[in-house]
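Below is one structure, written out as structure tokens; comments come after it.
Atoms considered below: every heavy atom in the structure, side chains included; atoms not considered: hydrogens, waters and symmetry mates.
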Amino acid sequence: MTTSIDPGDEIKQAITSIKNLNEGQNEFLQAVREVFGSLEAVVEETPTYITQKILERISEPERQIVFRVPWQDDNGNIHVNRGYRVEFNSALGPYKGGLRFHPTVNISIIKFLGFEQIFKNALTGKPIGGGKGGANFNPKGRSNDEIMRFCQSFMTELYRHLGETRDIPAGDIGVGTREIGYLFGQYKRIANKYESGMITGKDPEWGGTLVRNEATGYGLAYFVREMLGESDSDIEGKTFLVSGSGNVATYTIEKIQQLGGEVVACSDSDGFVHDPSGIDLDLVKQIKQVERGRIYEYADRKQGVNYYDDKSIWSLECDVALPCATQNELLKEDAKMLIENGCMVVAEGANMPATTEAIELFQESGVLFGPGKAANAGGVAVSALEMHQNASLHSLTFEETDKQLQNIMKEIHSTCRDTAEEYGTPGNYLNGANIAGFKKVANSMLALGLI
Ligand code: NDP
Ligand code: 2IT
């Protein structure tokens, strides 16, 4: 097909109009630029994406819900937080994506996460659209009762927008099995129905799926195994750095260790511990999951461990770096240190943890880079399995679900690798993930008419 369209120019123009419409939403614009940066050849091949304004439509949420969340602390003081749910795209299925409770949450953060989620969910091959939500609530230091009251207030407003065929939340930063329980309990009470499939990440005792808790971290390890396999290498004997010590970090460490890798550091937002003899995961779980404490306590309790709060975890030597904490936690300077120290592979457990400049450096230096929308898709993929199991009233064993997770991660890896190759950028998983995810969603949008 001949065309007068200049793809690079069209993409630039679309980015400019999206920027003008979303002034100051830096994280969202970063995510948009990162995806659109991979699309030149795609738009050249299919100019309909331009004439049908797919770039503008795909970057505008179908619906954005912002609401007041009033709650009372244990001393009777009243607090007001802001709640969000961005229902971004439902071309492939009902909105699906987590909830984040963290003081930094704002519309830009929720929109970047929702935007990423659209393409991540497409890569899983499951029939799920993209959405994200949360609140600028800080759970740190809050009692169990306070957390429960907050979750109840949050769900009292949000419940009307949710449902197993409409919008299905799950966890993210600050939202784990405990919070999912309180959220589900309040939904059940208001809606007066036991609608298991309206939320995922539930405790397997009452409707959850085995492996969902571990899925993001395990999935990341499986993805890294595939990446290393491309150069006939494997996890056994390699040295790993894992940032964070929450859900994703913990189960990444667990699976990497089971596969024979040596994890020598992990962190929280205050600092990191360096344990050259290998991270003792039982101790991390005791401190972070049982006591809800801080990672410096690890160094207090184990000999030969150093704690640092004045330098970056990425200054340590490693073969593989796995950022699993938060967005923009791995900067250009960090990338430089990792490359100088011989790091071969970086894969994102968190969403957008590496800055654009850091990614560019990795790619220029031949470091294999696995983007979050592919590498951390195991969490939402097992959420989809949870929805399936809820709908069919049939529960799978841990081993059965884990096997499915391994197959899904293998499939996502080969999709990214093959798509990158097909579009002339072999080894560029970022392009592969962006192109494969985008095409699936864009083609479905075209098929559904002007939506
Ligand atoms: P958790 O709340 O369980 O853990 C978050 C971890 O990251 C904690 O160790 C936390 O430390 C640290 N962290 C949070 N904010 C910052 C910050 N500003 N600077 C440094 N460290 C920080 O969340 P998850 O493990 O679930 O999520 C981690 C990442 O993985 C997020 O990017 C999330 O979006 C992504 N993700 C999560 C999935 C899931 O299924 N849960 C699925 C796919 C991606 P501290 O305790 O000090 O705050
Ligand atoms: O970023 C993510 O993929 C998640 N927080 C999990 C979403 C989900 O619906 O399981």
Side-chain angles (χ1 to χ4, degrees), residues 1-3 5-15 18 31-62 88-97 112-131 223 226 348 351-352 359 363 369-377 380-381 384 408-451:
M1 180 174 179
T2 55
T3 169
I5 282 174
D6 174 341
D9 219 48
E10 295 289 344
I11 290 172
K12 248 192 229 148
Q13 278 180 35
I15 291 177
I18 293 161
V32 169
R33 282 195 191 97
E34 233 162 79
V35 172
F36 287 11
S38 299
L39 297 182
E40 229 178 278
V42 177
V43 163
E44 182 154 30
E45 178 185 69
T46 314
T48 319
Y49 295 147
I50 294 300
T51 52
Q52 287 293 316
K53 289 272 188 276
I54 288 291
L55 300 185
E56 288 82 353
R57 280 155 63 189
I58 215 165
S59 53
E60 184 66 15
E62 289 175 16
F88 222 121
N89 194 300
S90 61
L92 297 181
Y95 311 107
K96 181 81 197 89
F112 114 67
L113 289 164
F115 186 72
E116 286 287 290
Q117 198 81 47
I118 303 171
F119 308 107
K120 182 195 305 194
N121 293 2
L123 287 171
T124 66
K126 302 292 174 193
I128 42 179
F223 193 88
E226 298 300 316
E348 298 184 317
N351 286 307
M352 210 169 73
I359 297 171
Q363 289 179 334
F369 175 74
K373 64 174 70 65
N376 73 34
V380 75
I408 292 168
M409 296 314 296
K410 232 187 201 162
E411 196 65 35
I412 294 175
H413 174 269
S414 54
T415 299
C416 295
R417 181 199 55 205
D418 297 350
T419 309
E421 230 168 76
E422 187 189 332
Y423 283 84
T425 54
N428 187 332
Y429 288 98
L430 182 66
N431 274 353
N434 286 340
I435 294 171
F438 174 85
K439 279 179 65 176
K440 183 160 184 186
V441 179
N443 291 342
S444 304
M445 288 176 74
L446 289 176
L448 298 185
L450 185 53
I451 54 168

Flag side-chain contact, heavy atom, 4.5 Å: [X] against [Y]:
X	Y	answer
Leu430	Ile359	yes
Phe119	Ile58	yes
Lys410	Glu226	yes
Leu92	Pro127	no
Tyr95	Asn89	no
Phe36	Asn434	no
Gln117	Ile128	no

For [X] and [Y], indicate whether the former's side chain and the latter's backbone hold a donor-acceptor pair under 3.5 Å.
X	Y	answer
Thr46	Thr48	no
Thr425	Glu421	no
Glu62	Ser90	yes
Arg57	Gln52	yes

What are the two closest non-hydrogen atoms of [X] and [Y], and how far apart are they?
X	Y	result
Ala41	Tyr423	CB-CD2, 3.8 Å
Ala420	Gly427	CB-N, 4.4 Å
Leu123	Gly437	CD2-N, 3.9 Å
Lys120	Gly372	CE-O, 4.4 Å
Ala436	Thr415	CB-CG2, 3.6 Å
Asn121	Gly129	ND2-O, 2.7 Å

Identified side chain to side chain contact (heavy atoms under 4.5 Å, CB included) counterpart of Tyr49 within the set Ile5, Val42, Leu55: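 Passing option: Val42.
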Can you tell me how the ring of His413 sits relative to the ring of Tyr429, calling it parallel under 30°, perpendicular over 60° and tilted otherwise?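 Tilted, since the angle between the ring planes falls between 30° and 60°.
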Decide side chain to side chain donor-acceptor pair (under 3.5 Å) for Asn376 and Glu348; before the verdict, give the C-alpha distance in whole Å, the side-chain angles of both, and the deciding distance to 0.1 Å. CA-CA 7 Å; Asn376 73 34; Glu348 298 184 317; over 6 Å; no
What is the distance from atom [atom1] of [X] to atom [atom2] of [Y], rounded to the nearest 0.5 Å?
X	Y	atom1	atom2	answer
Glu56	Ile15	CD	CD1	10.5 Å
Glu40	Glu44	CD	CD	7.5 Å
Ile50	Asp9	CD1	CG	10.0 Å
Ile118	Leu113	CD1	CG	11.5 Å
Asn351	Glu116	CG	CD	6.5 Å
Lys439	Glu45	NZ	CD	4.5 Å

The test is side chain to side chain contact (heavy atoms under 4.5 Å, CB included); show your working for Lys373 and Met352 and say whether it passes. CA-CA 8 Å; Lys373 64 174 70 65; Met352 210 169 73; over 6 Å; no
Test side chain to side chain contact (heavy atoms under 4.5 Å, CB included) on Thr419 and Asn431 and set out the steps. CA-CA 8 Å; Thr419 309; Asn431 274 353; over 6 Å; no
